[in-house]
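This report refers to the structure that appears directly beneath it.
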Amino acid sequence: MSSPTDRRFPAARRTASDAPGKAAATCKVTVCRGCCCGDPRKVPGVDHAGQIARLREAVGPAAAVRASDCLDVCDQANVMVVQPSPSGRAAGGRPVWLGLVNDDDALTDIATWIRAGGPGLAEPPGVLDLYAFTVSRRVREALED
């Protein structure tokens with residue numbers, strides 16, 4: 001029987017042709033900036049606008065980073081969803097939902113994982129277990145490819 005962590009982070013498998021880097025073969029990161037995420041009244045002390053810029057710089061060409069309206073998991077603000085690259089999805093990777101991403105150390109860990117290949121291709125740093133959560137099917141399907 002698999003643990004909740006196993007469902008959030010399926011086993012990474014890497015092949016020689018799985019190197020990230022090409023724009024069409026990158027991960028996608030969706031950063032919630034709806035009603036609660038990105039709101040200094042909900043999450044004080046965070047440079048919300050700068051967070052997206054720092055993440056884009058940190059992941060470089062390994063991922064496309066975009067802001068989204070509310071992802072409907074406000075109790076987890078600030079929320080990010082890391083979607084696997086096509087090769088990551090082929091290797092079994094699925095979108096990973098990360099919540100309470102409110103400090104630069106978390107951004108660094110997320111960016112390091114994405115640069116290594118992200119979901120399906122690289123094992124996430126263990127600390128990301130603290131941020132990963134499972135969303136309802138309704139919310140998840142609204143974002144899936």
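The shown structure was predicted, so the numbers you read here are calculated from the model rather than taken from an experiment. Each residue takes its place number in the sequence, starting with 1. Just the heavy atoms: all of them, side chains too, but no hydrogens, waters or symmetry mates, feed the values below.
Between G99 and F133, the shortest heavy-atom contact is N-CE2, 3.3 Å. Between C27 and G118, the shortest heavy-atom distance links the atoms SG-CA, 4.1 Å. Residues V101 and A106 approach most closely at CG1-CB, 4.0 Å, considering heavy atoms. Between C37 and C32 the shortest heavy-atom distance is CB-O, 3.2 Å. Considering all non-hydrogen atoms of both residues, P84 and P119 come closest at CB-O, 3.5 Å. A pairwise comparison of heavy atoms in R56 and R66 identifies NH2-CA, 4.0 Å as the closest pair.
Looking at R54 and E57, their side chains never come closer than 4.5 Å, going by heavy atoms from C-beta outward. Residues T30 and M80 fail the side-chain proximity criterion, which asks for heavy atoms closer than 4.5 Å. Two residues are said to be in side-chain contact when any heavy atoms from C-beta on lie closer than 4.5 Å; S85 and L121 meet this criterion.
Connection of V43 to L130 is not established within any shared hydrophobic cluster, with ILVMFWY side chains joined at heavy-atom distances below 4.5 Å, either directly or through further cluster members. Hydrophobic cluster membership differs between L100 and W97, with clusters built from Ile, Leu, Val, Met, Phe, Trp and Tyr side chains linked at under 4.5 angstrom. When the side chains of ILVMFWY residues are joined at heavy-atom separations under 4.5 Å, either directly or via intervening members, V46 and L55 end up in two distinct hydrophobic clusters.
With hydrogens and angles disregarded, no donor-acceptor distance shorter than 3.5 Å links the side chain of R89 to the backbone of G120. With hydrogens and angles ignored, the 3.5 Å screen pairs a side-chain donor or acceptor of W113 with a backbone N or O of A122. D104 places no side-chain N or O within donor-acceptor distance of the main-chain N or O of L107, the cut-off being under 3.5 Å.
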Check the pair V31 / S68 against side chain to side chain contact (heavy atoms under 4.5 Å, CB included), numbers first and verdict last. CA-CA 6 Å; V31 179; S68 173; over 6 Å; no

Can you check side chain to side chain contact (heavy atoms under 4.5 Å, CB included) on V81 and L98, steps first, answer last? CA-CA 6 Å; V81 183; L98 303 166; over 6 Å; no

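Contact check on R33 versus D69 returns no salt bridge, with no Lys/Arg side-chain nitrogen under 4.0 Å from an Asp/Glu carboxylate oxygen.
A donor-acceptor contact closer than 3.5 angstrom links the side chains of H48 and N78.
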